[in-house]
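It should be emphasised that the depicted structure is a prediction, and the values quoted were computed from it without experimental measurement. Scope of the values below: all heavy atoms of this structure, side chains included, with no hydrogens, waters or symmetry mates.
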Amino acid sequence: MIHLEHINLVVDDIPKALTFYQAAFPHWRVRGGDKGTWYGKPRNWIHFGDDYQYIAFSDNGEGENRDLTGHQIGLAHFAFVVSDLDAVITRLTQAGFPIAKEGMEDPYRRNIYFFDAHGFEVEFVEYLSDIPAERNCY
């Protein structure tokens, strides 16, 4: 079996980054962290997640995130499967994060996109079917 364990995001302010992810995942926690250097530049880092997966944040970022309306090489978005999309939408909008764009109409799934505090686009998906042929129909 293979599954994604973590993603690593470089930001300029870890507490600012956590505002989004703590609202999205209230059951996650800071699992650990430390200080160090990355290619000669000092940084702080943390792991935020549960016992099985997490997001690593490093605070040595410079500049702006890539323009997601453009065609530069880089991360377009990443997605999380959730069991209650409406609850995620409520928590994020109450935390000050507006919906970035609506998902596609589909009888077997609902999805929505948000931008986090550093401009990463995050998709949340709620599947309405457990049948793989329906969930993966496109």
K.L.:
Would you indicate whether the side-chain heavy atoms of Asp34 and His47 approach each other to under 4.5 Å?
P.N.:
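They are not in contact (no side-chain heavy atoms under 4.5 Å apart), so the answer is no.
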
K.L.:
Quick one: side chains of residues 96-105, donor-acceptor pairs under 3.5 Å with protein atoms, not counting sequence neighbours, listed by atom name and distance.
P.N.:
none

K.L.:
Would you compute the distance between atom CZ of Phe48 and atom CD of Gln53 and round it to the nearest 0.5 angstrom?
P.N.:
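Answer for the CZ-CD pair, Phe48 versus Gln53, is 11.5 Å.
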
K.L.:
Donor-acceptor pair, Arg43 side chain versus Ser58 backbone, under 3.5 Å?
P.N.:
no

K.L.:
Quick one: closest heavy-atom pair of His71 and Arg66, and the distance?
P.N.:
C-NH1, 4.3 Å

K.L.:
Locate the shortest heavy-atom distance separating Glu123 from Asn111; write the atom from each residue and the value.
P.N.:
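Glu123 and Asn111 have their closest heavy atoms at OE2-ND2, 2.8 Å.
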
K.L.:
Are Tyr54 and Val30 connected in a single hydrophobic cluster, I mean Ile/Leu/Val/Met/Phe/Trp/Tyr linked by side-chain heavy atoms less than 4.5 Å apart?
P.N.:
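No, Val30 does not connect to Tyr54 through the hydrophobic network.
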
K.L.:
Look at the rings of Phe25 and Tyr21 and say which category their plane angle falls in: under 30° parallel, 30 to 60° tilted, over 60° perpendicular.
P.N.:
parallel

K.L.:
Is the backbone N or O of Ile131 less than 3.5 Å from a side-chain atom of Ser129, with the two atoms forming a donor-acceptor pair by type?
P.N.:
yes

K.L.:
Is there a side-chain contact between Val122 and Phe20 in this structure, where contact means two heavy atoms from C-beta onward sitting under 4.5 Å apart?
P.N.:
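Contact flag for Val122/Phe20 side chains = yes.
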
K.L.:
If you measure from CD1 on Ile14 to OG1 on Thr19, what distance do you get to the nearest 0.5 Å?
P.N.:
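Answer for the CD1-OG1 pair, Ile14 versus Thr19, is 12.5 Å.
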
K.L.:
Have a look at Arg110 and tell me which of Val125, Val82, Asp86 forms a side chain to side chain contact (heavy atoms under 4.5 Å, CB included) with it.
P.N.:
Asp86

K.L.:
Apply side chain to side chain contact (heavy atoms under 4.5 Å, CB included) to residues Ile112 and Leu92 and explain how you reach the verdict.
P.N.:
CA-CA 11 Å; Ile112 199 86; Leu92 287 171; over 6 Å; no

K.L.:
May I ask you to test the Val11-Asp116 pair for a side-chain heavy-atom distance under 4.5 Å?
P.N.:
no

K.L.:
To the nearest 0.5 Å, what is the distance between CG (Asp12) and CG (Asp59)?
P.N.:
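Answer rounded to 0.5 Å: 8.5 Å.
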
K.L.:
How many angstroms lie between atom CG of Leu9 and atom NE2 of His6, to the nearest 0.5 angstrom?
P.N.:
10.0 Å

K.L.:
Look at the side-chain heavy atoms of Ile, Leu, Val, Met, Phe, Trp and Tyr, link any pair under 4.5 Å apart, and say whether Leu128 and Ile89 land in one connected group.
P.N.:
no

K.L.:
Measure the spacing between CH2 of Trp28 and CD1 of Ile55 and express it to the nearest 0.5 Å.
P.N.:
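Trp28 atom CH2 to Ile55 atom CD1 measures 4.5 Å (nearest 0.5 Å).
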
K.L.:
With sequence neighbours excluded, give me every ring-ring contact (aromatic ring centres under 6.0 Å, His included) pair touching residues 106-128.
P.N.:
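Output for this query lists His77-Tyr113.
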
K.L.:
Is there a path of hydrophobic side-chain contacts, each under 4.5 Å between heavy atoms of I/L/V/M/F/W/Y residues, joining Leu4 to Phe78?
P.N.:
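Yes, same cluster.
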
K.L.:
Do other residues, nucleotides or ligands put more than 12 heavy atoms under 6.0 Å from the NZ atom of Lys41?
P.N.:
yes

K.L.:
What distance separates Ile7 CD1 from Leu75 CG, expressed to the nearest 0.5 Å?
P.N.:
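So the gap between those two atoms works out to 7.5 Å.
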
K.L.:
For residues Arg29 and Asp50, report the shortest heavy-atom separation together with the two atoms involved.
P.N.:
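Result for this residue pair: NH1-CA, 3.8 Å.
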
K.L.:
Does the distance from a Lys or Arg side-chain N to an Asp or Glu carboxylate O, for Glu5 and Arg31, drop under 4.0 Å?
P.N.:
no

K.L.:
My understanding is that only residues two or more places apart in sequence, or in another chain, count here; which of them pass side chain to side chain donor-acceptor pair (under 3.5 Å) with Asp67?
P.N.:
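Partners of Asp67 under the side chain to side chain donor-acceptor pair (under 3.5 Å) test: Thr69.
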
